[in-house]
Number of protein chains: 2
Amino acid sequence: MLNSHPDTHPAQGIVTQLRAYLAQTDLPDDGRLPPERELSAALGVSRTELRKALDVLEAEGQLWRHVGKGTFMGSRPLDTFADIAALARRSNPAEVMRARLVIEPEITRAAAFTATPAAISEMRLCLTRSRQAETWRQYEGWDTRLHRTIAEATQNSLLLGLFDTLNAVRRAVTWGRLRTAPVRPLPTHHSFAEHDAIVDAIEHRDMAGAAAAMRAHLQTVERKLLEKQMRAANED
Amino acid sequence: MLNSHPDTHPAQGIVTQLRAYLAQTDLPDDGRLPPERELSAALGVSRTELRKALDVLEAEGQLWRHVGKGTFMGSRPLDTFADIAALARRSNPAEVMRARLVIEPEITRAAAFTATPAAISEMRLCLTRSRQAETWRQYEGWDTRLHRTIAEATQNSLLLGLFDTLNAVRRAVTWGRLRTAPVRPLPTHHSFAEHDAIVDAIEHRDMAGAAAAMRAHLQTVERKLLEKQMRAANED
DNA sequence: ATATAAACCAAAAAGCAATTGGTCGTTTAC
DNA sequence: GTAAACGACCAATTGCTTTTTGGTTTATAT
């Protein structure tokens with residue numbers, strides 16, 4: 001009825017019409033444009049033709065669509081670059097250790113500012129349990145839980161998420177054969193005193209001290225790891 | 001006040017009763033045990049007393065609980081927070097800002113140590129382009145790229161991945177209506193000088209200075225954001 | 001005093017209806 | 001005759017409500 005003269009390719013005209021609409025219309029913050037059914041009615045074209053025009057713009061990369069979600073301007077948001085497996089593949093133990101040295105002291109510093117008494121007593125529990133551990137596996141469990149409790153104490157779910165990601169990559173990265181010995185942790189294990197120092201600093205709201213203690217602890221872990229690596233290399 | 005009294009008599013019996021129940025009962029695959037209300041009825045004890053017993057077992061690390069989920073045997077599954085959308089849903093602009101303040105200065109510090117001349121000249125390019133930006137969208141593009149170039153300069157793919165995660169969450173979080181104004185960035189925009197200071201410090205291998213400059217920059221951004229929020233609130 | 005029962009709370013889950021891009025079949029128009 | 005238009009349907013997704021669940025508080029009773 002309306003376009004009684006199909007002189008040119010009709011789709012092309014609808015594309016320009018759609019471009020004009022997008023240029024002059026205020027889109028919401030997320031760049032979402034109206035659903036196809038509404039838009040086709042607003043533009044006075046059929047949904048079929050509108051979809052052809054949208055196909056063109058999508059091929060040009062100017063918008064992206066998804067069933068149930070809608071149609072959005074801009075480029076499709078890259079989903080989950082935080083793929084643990086991919087990260088672990090690209091990374092290596094040395095990088096993980098350096099990343100921990102960058103991230104965890106600052107998380108500890110923040111935790112010293114925000115930790116609740118409940119969080120601190122949970123840290124103390126981890127200290128006690130890790131000392132009572134009969135196997136290295138148990139010890140590692142409490143050690144991991146201590147570090148995560150510190151991250152939780154920041155009361156920042158995003159920081160906690162980043163910590164978890166870091167932790168997941170740490171476990172996923174191949175640490176070669178340098179694994180824990182089957183003997184039980186000795187009471188002179190370096191981490192005990194270092195963990196105590198960290199929690200003490202947090203309890204005293206000593207932000208600088210907490211960060212320094214965590215950094216010192218991780219540096220010790222790094223050194224021990226290198227020594228193990230050396231020994232393993234010499235055994236070959 | 002906490003555990004001055006061992007109070008072995010009442011709770012201890014329920015703990016053993018609960019242990020016996022857990023030993024003889026077939027739990028589902030996920031290790032979930034009945035809700036407290038059912039379990040207390042089944043064991044013939046009050047919920048208060050059952051909860052005391054559950055507290056003991058939880059402190060021992062034999063089970064974990066979560067509101068809305070339930071109570072489960074074993075150790076709490078370290079929920080892999082790699083999902084950007086889930087993180088964004090749990091987080092908020094204030095958390096994102098705080099997380100940036102915790103993470104990015106240290107990344108900048110590390111970058112000051114490892115940045116190559118090529119990386120530094122790319123940072124300089126971002127500075128120039130951001131000054132030439134005609135729209136806020138363009139400016140944001142170069143600003144984002146500058147920050148990412150700094151993260152790349154750490155030459156640590158894991159740190160870069162964590163930065164990307166942080167950045168993705170930042171974009172995914174709903175910033176409400178406080179969006180960029182449609183005017184072009186003024187030459188007196190605070191970020192210009194601050195960005196310069198960051199890159200200068202990196203170029204001079206001044207790790208402490210680079211971290212401080214980044215922290216100052218982010219604090220300015222935070223302040224400006226709060227001002228915007230205030231203004232938006234007053235307009236309502 | 002202490003334990004109990006009940007009520008309430010917020011987080012999480014489960015269920016349900018509405019929305020939305022994608023697809024197919026039939027009808028309509030020129 | 002051919003292509004557009006229309007309608008119906010589908011599955012993914014969202015938004016909302018209701019239910020469940022651990023955690024907390026309050027009043028009551030023993």
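In the text below, chain A, chain B and the rest are named by the order of the sequence lines, each starting its count at 1.
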Restricting to side chain to side chain donor-acceptor pair (under 3.5 Å), what partner residues turn up for [X], sequence neighbours left out?
{"X": "A/R47", "result": "A/E36"}
{"X": "B/S157", "result": "A/E95"}
{"X": "B/R145", "result": "B/E122"}
{"X": "B/Q62", "result": "B/E60"}

Does B/S46 reach a base, just sugar-phosphate, or nothing at all? Heavy atoms under 4.0 Å. sugar-phosphate
Whole-Å distance separating the [atom1] atom of [X] from the [atom2] atom of [N]:
{"X": "B/L39", "N": "D/dT21", "atom1": "CG", "atom2": "C1'", "value": "13 Å"}
{"X": "B/D30", "N": "D/dT21", "atom1": "CG", "atom2": "C1'", "value": "14 Å"}
{"X": "A/L43", "N": "D/dA5", "atom1": "CG", "atom2": "C1'", "value": "16 Å"}
{"X": "A/L50", "N": "D/dG7", "atom1": "CG", "atom2": "C1'", "value": "17 Å"}

Name all pairs fulfilling the side chain to side chain donor-acceptor pair (under 3.5 Å) condition that reach into residues 203-213 of chain A, sequence neighbours left out, sorted by first residue then second. A/R124-A/E203
Name the atoms and distances for all side-chain donor-acceptor pairs under 3.5 Å in residues 106-114 of chain A, with sequence neighbours left out.
from	atom 1	to	atom 2	distance (Å)
A/E106	OE1	A/R109	NE	3.0
A/E106	OE2	A/R109	NH2	3.2
A/T108	OG1	A/E104	O	2.7
A/T114	OG1	A/A110	O	3.2
A/T114	OG1	A/A153	O	2.6
A/T114	OG1	A/T154	O	3.4

Any side-chain heavy atom of B/L158 within less than 4.5 Å of one from A/M97?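 Answer no - side chains too far apart.
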Which parts of residues 17-25 of chain A get close to DNA chain D, meaning a heavy atom less than 4.0 angstrom away?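 None - not one residue of the stretch has a heavy atom sitting under 4.0 Å from the strand.
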Once side chain to side chain contact (heavy atoms under 4.5 Å, CB included) is applied, do any residues pair with A/Q24, and if so which ones, sequence neighbours excluded?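 A/Q24 satisfies side chain to side chain contact (heavy atoms under 4.5 Å, CB included) with no residue once adjacent residues are dropped.
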Pull out every protein N or O sitting under 3.5 Å from an N or O of nucleotides 13-23 of chain C, one pair per line with the distance.
from	atom 1	to	atom 2	distance (Å)
C/dT20	O2	A/G68	N	3.4
C/dG21	OP1	A/T71	N	3.3
C/dG21	OP1	A/T71	OG1	3.2
C/dG21	OP2	A/E36	N	2.8
C/dG21	N7	A/R37	NH1	3.0
C/dG21	O6	A/R37	NH2	2.9
C/dG22	OP2	A/R51	NH1	2.8
C/dG22	OP2	A/R51	NH2	3.3
C/dG22	OP2	A/R65	NE	3.4
C/dG22	OP2	A/R65	NH1	3.1
C/dG22	N7	A/R47	NH2	3.4
C/dG22	O6	A/R37	NH2	3.3
C/dG22	O6	A/R47	NH2	2.5
C/dT23	O4	A/R47	NH2	3.3

